[in-house]
Number of protein chains: 2
Amino acid sequence: MYKIVELENGLENVEGFYCGATNVGMRPDKEQGDVAFIRSNVPCDISAVFTSNTFQAAPIKHFQKYPKDFKTNFVLINAKNANAMTGEKGIEDIDFIMSKKQNVLNPVMSSTGVIGYRLPLEKVTSAFDTLDFQSKNSNDAARAIMTTDSFKKELAYRVELDDGTSFNIAAICKGAGMINPAMATMLCFITTDADIPKSDMDALLLDSTEQSFNRISVDGDTSTNDTVMLLANKQSGAYNKEAFSEALNKIMFELAMMILRDGEGANKLVAFEVKGAKTLEEAQKASMALSNSLLVKTALFGEDPNWGRIASTIGASGIICDDETLTIHYDDLLIYSSEFRELDKAREDQAYTIMKQDAFKVTCDIGLGDSSYTSYGCDLSYEYVKINAEYRT
Amino acid sequence: MYKIVELENGLENVEGFYCGATNVGMRPDKEQGDVAFIRSNVPCDISAVFTSNTFQAAPIKHFQKYPKDFKTNFVLINAKNANAMTGEKGIEDIDFIMSKKQNVLNPVMSSTGVIGYRLPLEKVTSAFDTLDFQSKNSNDAARAIMTTDSFKKELAYRVELDDGTSFNIAAICKGAGMINPAMATMLCFITTDADIPKSDMDALLLDSTEQSFNRISVDGDTSTNDTVMLLANKQSGAYNKEAFSEALNKIMFELAMMILRDGEGANKLVAFEVKGAKTLEEAQKASMALSNSLLVKTALFGEDPNWGRIASTIGASGIICDDETLTIHYDDLLIYSSEFRELDKAREDQAYTIMKQDAFKVTCDIGLGDSSYTSYGCDLSYEYVKINAEYRT
């Protein structure tokens, strides 16, 4: 067995990693950095999951030019400019920037911001003059990579194994909720001193991404820059696959929920479980349709228990379904079944109470199979939404 | 040859059709009806296109119970209640309602409003006591079927043929733009006295729907009640297929644009042409992705010429594309090509001027094939959007 202990702060908890940030003038507010670094004192294994957008940004293409299973000791991250749709020049710019930094092995870059402009090379390289490469300032790094985020996102866990050994895993992350699709770019950098084999890194990172960031609504828009990276320097000497997997799942899931909660104006976090579907693909399709639907999101904001919007979204999702076998629950409250179509006053009142919560669950049982999938969404607030939310009143 | 002349008002221009509305107490504002009728003095041929939502509303299922090529002389339409997800009872309710009306042949019903409640039978049938079945009041009918529409939608054309004969075609329609997804339900009732064969009605209605209502952004949400109906009583004795097709296209396209313009708070109407795609399916996919994207809509509202959001949406749409062959135009202004990535000041200024227009066109040439498709969208305004729209400034 093992124990997972949450730690304060973020990346500074992981042995052998250094991090920090500086402001090179890309972000007007000088109190907050715009260029951050993560450095390891020994070469690290690195695994990454990138956006499915065909127009992958230059930093992603640059990363992919390294041979498979390359090691690195340096990651540079900038905000305000995505270095996307910048062609071959965008990739060359990264090589140029990194040529100005000594003692780096296969340096990696990551960017977020506006698409279609080349990086300001002089500004970015000036970061090397002001960054303190001996610092362990996760707070500054987490703040520097923010775009429209309203709070910084960092997390750290220590995993204590039965044999008395332990390892650490930590992450910084940026991303705004679905209400901010222009900046839906999600970046996440995870460091660990666990003695994890590279093959486990690849497999577990993919699996945890599927369980976390791929399950939150970012509005159907997929940025050119989305990136999740896991860096392992093995410094602790300790490892247990099951424990690591759980800690990684936990850290990525919690960060994904932080992103959802940061959806501008979002007040509610809702889990959409679709079960009883014919196939996993159909369950996923219907669940993602629910968490992406403006129709549903506005109903959540209006705390309107009208299940019609849920049903209509499932019907429009293109999966095999039948209003005779469908049931819908809000938490444990049955809100629709074919014998029970109209919402009576008592159930409507209970539904209102459930919907007033910060977080709740919508369960749709298609009643035709055994497959299930859960995704996570938030409500859509703001004045304009009121018009939809208040439609029924 | 022929001439298409726009007429004033709507359905009253078509020979042999009667229409009007009454308020039976479903809509609190008594100045506006909530039940409307369209009646023909002779049995009509009727063609219809219905929603692709699996959970088709009761009126649609009721319609589909009639034998193929049935004739009707009566359509009843109500607002405030969609009669959707009401099961077998919802269909029986329509039969009950129609049993209270004399002199109807295969009566048809159509509904829009909240999902999940049975129609208030007493109220709806009380309409038969107050409706004036001899009236020709298209204005009242068009207003009665409105939900969140901010203006009524009706149109009429007279088609004058070379041989001195003529026929009329007219329509009333309701539907709110993409910003109002809960009420995305679109209803359209078209009447004509053209002597059109039923087979032409079916084919031309399908074709015109594809060219109009299916090309406007309703946010990916498809209502349970979407309906387009064409009623033909042949009273004029006149017909020309080419002329009728053009008039039908024109009436449906104009109504679709009215729906877009009625998107709450929407200020701009934008055509998204995707050309040079490998297949028609890919052109359509990318074009619809653009008109549905919040990312793009917020940029339109912000009058932000940043083409990055356009490119990112195409890249995320899943079609085959390449940033080396892609070009993007706003009206006639080249705004992106691989040799021409960064927006210089002169072009940015021109782009601002284009984007300030009420209507303009975005053309994306994928540069890999011969297929093209155009869809139509509007901007997303409202306070919340400002945050996205102003991101770059």
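Letters go in sequence order (proteins before strands), and every chain restarts at 1. Quantities reported herein were computed from a predicted structural model and do not represent experimental measurements.
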At their closest point, which heavy atom of A:M85 faces which heavy atom of B:A311, and how far apart are they?
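Between these two residues, the closest heavy atoms are CE-CB, 3.5 Å.
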
So how far is it from B:D322 CG to A:T54 OG1, rounded to the nearest 0.5 Å?
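Rounded to the nearest 0.5 Å, the CG-OG1 separation comes to 9.5 Å.
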
Drop me the distance from B:L343's CG to A:Y117's OH, to the nearest 0.5 angstrom.
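Those atoms lie 5.0 Å apart.
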
Please determine whether the number of non-hydrogen atoms from other residues, nucleotides or ligands lying under 6.0 Å from atom CD of B:E92 exceeds 12.
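More than 12 heavy atoms, drawn from other residues, nucleotides or ligands, come within 6.0 Å of this atom.
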
In this structure, are over 12 heavy atoms from other groups packed under 6.0 Å from B:E281 atom CD?
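No, because the 6.0 Å sphere around CD of B:E281 holds 12 heavy atoms or fewer from other groups.
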
Just give me the residue among B:I314, B:T86, B:I320 that pairs up with chain A most often, heavy atom to heavy atom, under 4.5 Å.
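The answer is B:T86.
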
Would you call B:K89 and A:D323 a salt bridge, taking side-chain N to carboxylate O under 4.0 Å as the test?
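No.
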
Side chain from CB out, backbone as N, CA, C, O: work out which of these in A:S312 comes under 4.5 Å of a heavy atom of chain B, or both, or neither.
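It is both, since atoms from each part get that close.
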
How would you list, by chain and number, every residue that makes a ring-ring contact (aromatic ring centres under 6.0 Å, His included) with B:F55, sequence neighbours excluded?
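By the ring-ring contact (aromatic ring centres under 6.0 Å, His included) rule, B:F55 matches no residue at all.
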
